[in-house]
There are 2 protein chains.
Amino acid sequence: MERPRIRDYFQQDLSQNETITHKQRAILQASLDLFAEKGFDQTSTSDIAQRAGVAEGTVYRRYKTKATLRDAILAPIAAHIVPILASDFSEDALRQRYPSLQAFVTAIFTDRVAFAKANVKELKVIFEMVAFDAERREQILSQIAPKMVKQMGSVINQLKADHLIVDWPNDLILQSLLSQLFGYLARLMLELPGTEIEREQAYLITVMTKILTPGEHDQITGQ
Amino acid sequence: MERPRIRDYFQQDLSQNETITHKQRAILQASLDLFAEKGFDQTSTSDIAQRAGVAEGTVYRRYKTKATLRDAILAPIAAHIVPILASDFSEDALRQRYPSLQAFVTAIFTDRVAFAKANVKELKVIFEMVAFDAERREQILSQIAPKMVKQMGSVINQLKADHLIVDWPNDLILQSLLSQLFGYLARLMLELPGTEIEREQAYLITVMTKILTPGEHDQITGQ
DNA sequence: TCAAAGCGAGTGTATACTCACTCACTTAAT
DNA sequence: ATTAAGTGAGTGAGTATACACTCGCTTTGA
């Protein structure tokens with residue numbers, strides 16, 4: 001099932017209030033492309049104007065500052081990321097138990113991987129922004145993390161009760177899941193060579209299922 | 001077999017390079033700190049001078065350009081990263097088989113995690129540099145990747161022959177290992193909250209050992 | 001006393017942002 | 001139907017500023 005691209009939201013979202021012109025659309029697209037290619041700081045507003053086939057003044061007609069322009073690009077993601085993160089963990093979904101571990105892992109990854117794949121550029125821009133802005137990072141985290149921990153936590157506890165998942169502390173389970181996702185994101189964003197991206201999803205699910213399947217040697221071997 | 005710590009390399013390196021003045025050391029330190037905090041582009045040379053308690057001209061006495069300064073910071077890492085990546089996979093190490101999977105995983109992670117922990121700031125600077133410079137990224141990758149694939153490959157094949165490791169294609173095994181490392185790096189660099197960093201190493205080893213232990217349900221579940 | 005290290009005011013340039021203006025188009029009055 | 005008035009997206013030369021880098025001078029230390 002196809003998840004809509006954030007870019008497709010551009011028209012809908014922005015035109016709800018005001019009609020967006022062809023040129024303004026071009027500006028958004030050029031900005032996204034350039035920010036993802038060269039980074040925010042390395043992209044000048046005249047670069048953007050040139051790539052969009054527009055005068056520099058036109059960029060500033062709608063967007064007061066360069067940062068505003070970036071925010072405008074990321075707004076659709078911000079608006080849609082919470083439901084996506086929370087999907088499969090709505091009250092409805094929680095009420096029906098997962099019949100197997102693999103069903104759980106599949107449910108977790110399928111949409112999120114599709115989302116990431118469809119929005120690599122946006123993710124790259126977000127990552128750059130957040131990497132060197134501790135305040136914004138914490139702000140974002142404080143909105144998303146507790147929600148995630150709580151919702152995932154209850155699902156994991158359910159699976160534990162059914163003896164379908166390894167008996168590790170929830171935070172370790174979450175860390176494993178997120179690490180795997182991060183590794184995947186890094187490969188996407190950096191265009192690292194490796195397995196064809198199409199097999200990725202199957203790989204992720206296989207590996208995660210294996211990690212989380214309960215077994216005999218599951219003590220954490222620390223020192 | 002004892003391996004020298006990365007930290008020791010550093011001390012040697014910075015002090016063995018020609019006599020470096022106290023102020024020049026301060027400049028390097030301030031640059032590293034600021035680049036890691038705010039990013040390269042967002043750090044001005046006057047920021048650096050100020051943080052180092054030095055006039056701006058002093059920065060340029062030794063370093064011709066701002067980029068040169070960054071290179072000077074990364075030089076020690078560049079000089080030592082290859083041996084570190086390749087360690088445990090020298091001819092000597094290859095000749096003695098790993099007695100168990102956990103020995104292998106431990107060998108892989110121990111020093112690398114220590115290295116990452118000791119050089120978070122440098123890694124952050126490298127990551128920023130490489131994230132938006134595809135050319136440099138490929139250049140670096142083309143130096144390291146084949147070496148890694150070859151050396152790890154032969155170790156993995158050995159483990160496979162001894163039935164000590166899951167029978168997955170080597171690239172998937174490598175991807176799992178690297179994903180786990182990347183997730184760890186991300187947590188370090190972004191200072192994400194979570195388990196105390198001290199338990200990390202034990203966690204990584206536990207999880208990776210579990211992933212790679214051969215078992216019954218090891219087919220890759222495609223779609 | 002000399003060379004190296006340090007200094008900081010000064011310079012050129014890149015670039016984020018402004019503003020007075022154009023022009024295609026719509027509305028409205030005759 | 002014709003013309004006048006109004007509108008606002010689009011323009012690009014222009015401005016202010018920040019910043020990388022320079023250079024002639026001063027301080028330090030051997």
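Because the structure is predicted, anything quoted here is derived from the model rather than measured. Reminder, nothing fancy here: chain letters follow the sequence lines and each chain counts from 1.
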K.L.:
Any donor-acceptor pair under 3.5 Å linking the side-chain atoms of A/Ser44 with those of A/Asp47?
P.N.:
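Yes, a side-chain donor-acceptor pair sits under 3.5 Å.
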K.L.:
Given the ring of B/Phe35, does B/Arg70 sit roughly above its face, with NZ or CZ under 6.0 Å from the centre of the six-membered ring and within 45° of the axis?
P.N.:
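No, cation not above the ring by the 6.0 Å, 45° rule.
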K.L.:
Using whole Å, report how far NZ of A/Lys66 lies from C1' of C/dT18.
P.N.:
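In whole Å, C/dT18 C1' lies 17 Å from A/Lys66 NZ.
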K.L.:
Taking only N/O atoms, report every protein-nucleotides 7-11 of chain C pair under 3.5 Å with atom names and distance.
P.N.:
{"unit_1": "C/dC7", "atom_1": "OP1", "unit_2": "B/Lys23", "atom_2": "NZ", "d": "2.9"}
{"unit_1": "C/dC7", "atom_1": "OP2", "unit_2": "B/Ala55", "atom_2": "N", "d": "3.0"}
{"unit_1": "C/dC7", "atom_1": "OP2", "unit_2": "B/Thr58", "atom_2": "OG1", "d": "2.8"}
{"unit_1": "C/dG8", "atom_1": "N7", "unit_2": "B/Gly57", "atom_2": "N", "d": "3.3"}

K.L.:
Of all the heavy-atom pairs spanning B/Lys117 and B/Val120, show the shortest one and how long it is.
P.N.:
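The pair with the smallest heavy-atom distance is O-CG2, 3.3 Å.
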K.L.:
Think A/Tyr60 has a side-chain N or O under 4.0 angstrom from the OP1 or OP2 of C/dT18?
P.N.:
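For C/dT18, neither OP1 nor OP2 has a side-chain N or O of A/Tyr60 closer than 4.0 Å.
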K.L.:
By a strict heavy-atom criterion of less than 4.0 Å, which residues belonging to residues 39-50 of chain B are in contact with DNA chain D?
P.N.:
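Heavy-atom contacts with DNA chain D come from B/Thr43, B/Ser44, B/Thr45.
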K.L.:
Any non-hydrogen side-chain atom of A/Ile211 less than 4.5 Å from a side-chain atom of A/Trp168?
P.N.:
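Touching, per the 4.5 Å side-chain cut-off.
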K.L.:
Can you list the residues that meet the side-chain hydrogen bond (donor to acceptor under 3.5 Å, both in side chains) rule with B/Gln42, with sequence neighbours excluded?
P.N.:
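Per chain and number, B/Gln42 pairs via side-chain hydrogen bond (donor to acceptor under 3.5 Å, both in side chains) with A/Asp41.
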K.L.:
Under a 4.0 Å threshold between the charged nitrogen and the carboxylate oxygen, would A/Glu37 count as salt-bridged to A/Lys124?
P.N.:
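Here A/Lys124 does not pair with A/Glu37 in a salt bridge, since their nearest N and O are not under 4.0 Å apart.
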K.L.:
Sequence neighbours left out, what passes side-chain contact (heavy atoms from CB on, under 4.5 Å) with B/Ser179? Give chain and number order.
P.N.:
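With sequence neighbours excluded, B/Ser179 shows a side-chain contact (heavy atoms from CB on, under 4.5 Å) to A/Gln180, A/Arg187, given in chain and number order.
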K.L.:
Checking side-chain hydrogen bond (donor to acceptor under 3.5 Å, both in side chains) against A/Thr45, which of A/Glu56, A/Gln50, A/Lys66 comes through?
P.N.:
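In the set A/Glu56, A/Gln50, A/Lys66, the residue that makes a side-chain hydrogen bond (donor to acceptor under 3.5 Å, both in side chains) with A/Thr45 is A/Glu56.
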K.L.:
Quick one: salt bridge (Lys or Arg N to Asp or Glu O under 4.0 Å) partners of B/Lys121, sequence neighbours excluded?
P.N.:
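Only B/Asp33 meet the salt bridge (Lys or Arg N to Asp or Glu O under 4.0 Å) criterion with B/Lys121.
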K.L.:
What are the bounds, 5' to 3', of the part of DNA chain D that sits under 4.0 Å from heavy atoms of chain A?
P.N.:
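Reading along DNA chain D, I get D/dA9 to D/dG12.
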K.L.:
Could you tell me whether B/Phe182 and A/Phe182 have their ring centroids closer than 6.0 angstrom?
P.N.:
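No, the ring centres sit 6.0 Å or more apart.
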